[in-house]
Protein chains: 2
Amino acid sequence: MNETATRRRSEQAWSEHAEARISEAGLKRSVPRRKVIELLAGQDCAVTALQLDAELDGVGRATVYRAIEQLEDLGLIQRVDLGGSAHGYERLEPSGHHHHHIVCDDCGKVEPFEDEALEDAIHDIHRKGFKVETHEVTLHGHCQDCH
Amino acid sequence: MNETATRRRSEQAWSEHAEARISEAGLKRSVPRRKVIELLAGQDCAVTALQLDAELDGVGRATVYRAIEQLEDLGLIQRVDLGGSAHGYERLEPSGHHHHHIVCDDCGKVEPFEDEALEDAIHDIHRKGFKVETHEVTLHGHCQDCH
DNA sequence: ATCAAATTGAGAATGGTTCTCATTTACTAT
DNA sequence: ATAGTAAATGAGAACCATTCTCAATTTGAT
């Protein structure tokens, strides 16, 4: 199985998972929200609310923002700060598998990366009085083109 | 020497360092910008542009934002995303000493933390084509009061 | 088919940030 | 000191991202 096929299966798993969680939470399965979920399912990295809105015909902007808020509250997506003015959002896989980001502060280019040792170090952090659910790591610097 | 005295000395070192870097960059030493620097120097954790503006009489909002942009470009402060609508900013010590943040996604409470092993893991990350300058780590979860 | 509750879209309102521009201030060379 | 010049400023307009409002529609359970 190639990479594209693997990703397609994971997308499907996530959107089904998301729809199921929506129902469990007592919310209805509406068409516009499903469109938002499907679009998020197909992204490789973070997208902004306005990017989603621009891609979705027949879905109001308010609906996009509302869907994002609900998905975030249910732990299905995560907000990430990639340096610009708008926030990005990306899937949280049920498996826990995820990446972090490296950002060029000059041109704004964003690349995802994964690091096992980093994950281990983060999982070893325990703070009294806090139950940690997710985490976000961003490296800032300059890319080759801007250096 | 107690903690307060240690911090006071570090604040002073930072504001002097910041003023010096401002001059080196060919910028003038203006009174309003100095007020912004002094106020940033006295903070224990991240503050927003609007918080700075509210504290500073006789300094225009635009000046606060301009000062923040310049200080960020010079690597003297760092922007951090702490979950709310506005961005926070905090000093980057010349020594490299810094903390990260743990945020309660329910009430918005923010606590700083430090972790040596985490820093080591981050410093071991190398990405071809990128020169990493700074990094940001945020843990999200629920605090005792909200759990 | 009926009903109540959830959801929606359009647009207004808000909050945070950036821009504009005429005036003031800081540094440099006299 | 003084004058010249470029940087910096404040007030408010403008802008972008986000949230709110509300009447109309859709959904899921009866």
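Naming convention: chains lettered A, B, ... in sequence-line order (proteins, then strands); numbering from 1 in each chain. Computed from a predicted structure; not experimentally measured.
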Residue A:Arg33, side-chain heavy atoms: nucleotide from D:dA8, C:dT7, C:dG11 that is nearest: C:dT7
Below 4.0 Å: OP1/OP2 of C:dT18 and any side-chain N or O of B:Tyr65: no
Nearest listed nucleotide, side chain of B:Leu50, among D:dT9, C:dT17, D:dA17: C:dT17
Given DNA chain C, 5'-ward residue of the pair A:Pro32 and B:Val31, judged by closest heavy atom: A:Pro32
A:His87 side-chain N/O to D:dA17 phosphate OP1/OP2 under 4.0 Å: no
Touch class at under 4.0 angstrom, heavy-atom based, for A:Gly58 against every strand present: sugar-phosphate
For atom CD of B:Gln70 and atom P of D:dT9, their distance in whole Å: 7 Å
Ring centre gap for A:His100 and A:His98 strictly below 6.0 Å: yes
Residues, nucleotides or ligands: over 12 heavy atoms within 6.0 Å of B:Arg29 CZ: yes
B:Arg66 (side chain) and D:dG10 (base): donor-acceptor pair under 3.5 Å: yes
Sugar-phosphate, base or nothing in reach of B:Arg61, heavy atoms under 4.0 Å: base
B:Ala49, nearest nucleotide to its side chain (from C:dT17, D:dA17, C:dG9): C:dT17
Aromatic plane relationship, B:His123 with B:His135 - under 30° parallel, 30 to 60° tilted, over 60° perpendicular: perpendicular
Ring centre gap for A:His97 and A:His99 strictly below 6.0 Å: no
Protein-nucleotides 28-30 of chain D N/O pairs closer than 3.5 Å?
unit_1: D:dG28; atom_1: OP1; unit_2: A:Arg29; atom_2: N; d: 3.2

Polar side-chain atom of B:Glu19 near backbone of B:Glu16 as donor-acceptor pair, under 3.5 Å: no
A:Gln78 versus A:Arg91, side-chain donor and acceptor atoms under 3.5 Å: no
For atom CD of B:Gln51 and atom C1' of C:dG16, their distance in whole Å: 13 Å
Distance, rounded to the nearest Å, where A:Leu56 contributes CG and C:dA10 contributes C1': 17 Å
